[in-house]
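One structure below.
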There are 2 protein chains.
Amino acid sequence: MLNKDQIKQLFPDWEDGLYESIIEHAELRTAPAGATLLKMGQNIKSTMLVVEGTVKLYQENEEGAEYFMYHLNPGEACAVTMVCNYHLEQSQVLAKAVTDVSFLAIPIEFMDKWLNQYKSWHYFVIRTYRLRYEELLKTIHETAFKNMDERLEFYIKRQVKQFGNTLKLTHQEIANDLNTSREVVSRLLKKMENHQWIVLNRNSFEWIKKD
Amino acid sequence: MLNKDQIKQLFPDWEDGLYESIIEHAELRTAPAGATLLKMGQNIKSTMLVVEGTVKLYQENEEGAEYFMYHLNPGEACAVTMVCNYHLEQSQVLAKAVTDVSFLAIPIEFMDKWLNQYKSWHYFVIRTYRLRYEELLKTIHETAFKNMDERLEFYIKRQVKQFGNTLKLTHQEIANDLNTSREVVSRLLKKMENHQWIVLNRNSFEWIKKD
DNA sequence: TATTGACTGTGATATTTATCACAAAGTCCT
DNA sequence: AGGACTTTGTGATAAATATCACAGTCAATA
């Protein structure tokens with residue numbers, strides 16, 4: 001388990017008691033890159049606070065197609081798993097580890113208790129929802145209004161922000177995230193290369209557009 | 001202004017002090033059907049709690065195209081306007097009155113104060129975010145995975161849930177909400193009529209599909 | 001170095017959606 | 001009744017995206 005200072009660094013401004021409750025009741029779990037942390041429809045048993053690594057949040061449809069929504073980084077939390085008593089407890093999202101990750105898992109029975117007990121937890125929950133809500137708005141904006149070339153550019157920029165200019169992604173992986181086909185992604189990337197926005201390599205490419 | 005009992009009926013389970021603060025500081029405003037209540041990019045000055053009527057929430061793009069996300073009903077609140085100190089205060093959504101509406105407008109300077117002061121307000125804010133977040137997830141699901149025929153069906157079902165089986169909507173209005181063109185909507189509605197899902201009239205149609 | 005498998009490029013074609021064009025039908029107003 | 005305007009229907013065509021087919025390239029490894 002982490003010690004108080006380590007938790008405090010990730011989640012500043014909490015009450016002392018909250019840190020102690022975390023240490024007492026949370027479990028520090030790890031998962032390797034690529035692991036599925038939460039499936040759609042799965043019963044939610046614990047809240048997830050990211051400690052190390054990056055988590056990707058998806059929508060998923062009946063056939064298993066995926067749609068990328070946003071990233072979670074250390075110090076951030078999964079809004080969906082912050083279940084309160086008055087609400088359904090089935091996950092509506094799919095969460096996957098992008099890198100090796102570690103996270104704090106808190107059994108959901110503490111959610112209501114802590115909301116009552118710790119003001120700083122209350123604020124944290126609100127902040128988490130607000131940030132995720134805003135990410136969803138951006139995702140809707142791209143999806144509803146833009147063509148695939150612009151959506152791909154938006155997607156790449158998000159990745160660049162997360163991981164830097166050199167991205168280790170295959171065309172197929174990108175196509176999965178955007179719910180399109182590999183061929184479409186290949187052709188659009190080739191166009192971006194012609195416009196000198198990227199340099200293409202096998203299994204990776206580099207974002208070089210300056211704007 | 002509403003009296004305490006009226007507010008209590010719409011927003012049950014609040015603390016007494018919160019009702020009194022509402023009465024003291026909130027303003028009861030009205031707007032006619034079709035009015036714009038909140039523009040994208042607009043500075044948020046007050047939180048909106050719906051008292052009567054139905055409000056529609058949209059995303060909007062640079063060219064003024066709209067994309068319908070969800071409805072707000074009496075007793076519900078606009079998550080976007082529940083601004084806390086630590087966050088930007090520019091609206092990322094467009095809100096319009098569908099019917100004549102009345103709503104309570106609370107200056108945002110009370111948000112932080114009330115979060116500190118009233119536990120029930122805190123819960124209300126979390127609940128609001130959670131409900132809106134879930135609506136956004138549904139919207140993304142439809143937009144990302146479905147073709148226009150299925151999206152139109154989903155849209156109509158949402159409207160039916162709100163307003164009953166007879167919907168007073170022109171094809172152009174539907175097209176605007178779904179960010180598509182009037183012709184596409186006309187053709188798809190005609191198909192639905194052939195399948196006996198709807199009965200078409202001028203300026204309205206009726207949902208008769210049983211499933 | 002030969003084979004295998006994953007990844008990429010690209011033409012051809014199909015499907016979906018958008019756009020243009022115009023006619024027909026309903027509504028409102030005088 | 002006669003316009004003027006809004007709404008709806010529908011063909012023709014264009015543009016965007018999806019799907020199929022297949023070849024070429026790279027990397028791992030037996």
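Note: hydrogens, waters and symmetry copies are ignored here, and every other heavy atom, side chains too, is used. Each chain gets a letter, A, B and so on, in the order its sequence line appears, and its residues count up from 1.
- Look at CE on Met192(A): it is 13 Å from P on dG9(C), rounded to the nearest Å.
- The distance between atom CD1 of Ile174(B) and atom C1' of dA18(C), rounded to the nearest whole Å, is 18 Å.
- No more than 12 heavy-atom neighbours from other residues, nucleotides or ligands sit within 6.0 angstrom of CG on Asp13(B).
- For a distance-only test at 3.5 Å, the side chain of Arg202(A) fails to qualify as a donor-acceptor partner of the base of dA27(D).
- Rounded to an integer number of Å, the gap from Leu189(A) CG to dT10(C) C1' is 14 Å.
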Show the distances under 3.5 angstrom between N or O atoms of the protein and N or O atoms of nucleotides 20-22 of chain D.
residue, atom, partner, partner atom, Å
dC20(D), N4, Glu183(A), OE2, 3.0

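- The separation between Asn147(A) atom CG and dA14(D) atom P is 18 Å, rounded to whole Å.
- Between His171(B) and Asn179(A), the residue anchored closer to the 5' end of DNA chain D is His171(B), taking for each the nucleotide with the nearest heavy atom.
- By the side-chain contact (heavy atoms from CB on, under 4.5 Å) test, Gln9(B) pairs with no residue at all, sequence neighbours left out.
- Distance Leu178(A) CG to dA18(D) P: 10 Å, rounded to the nearest Å.
- At distances below 3.5 Å, at least one donor-acceptor pair connects side-chain atoms of Glu193(B) with backbone N or O atoms of Leu200(B).
- Rounded to an integer number of Å, the gap from Phe205(A) CZ to dT8(C) P is 10 Å.
- Aromatic pair His171(A)/Phe205(A): centroids not less than 6.0 angstrom apart.
- Centroid-to-centroid, the aromatic rings of His122(B) and Tyr123(A) come within less than 6.0 Å.
- Among the protein residues, Thr170(A) comes within range of the sugar-phosphate backbone only, with heavy atoms under 4.0 Å from sugar or phosphate atoms but none that close to a base.
- Separating the CE atom of Met148(B) from the C1' atom of dA16(D) is a distance of 13 Å, rounded to the nearest angstrom.
- When distances run from any side-chain atom of Lys190(B) to the nucleotides dC7(C), dT19(C), dT10(D), the shortest one goes to dT10(D).
- Note: CG (Asn194(B)) to C1' (dT10(D)) measures 13 Å, nearest angstrom.
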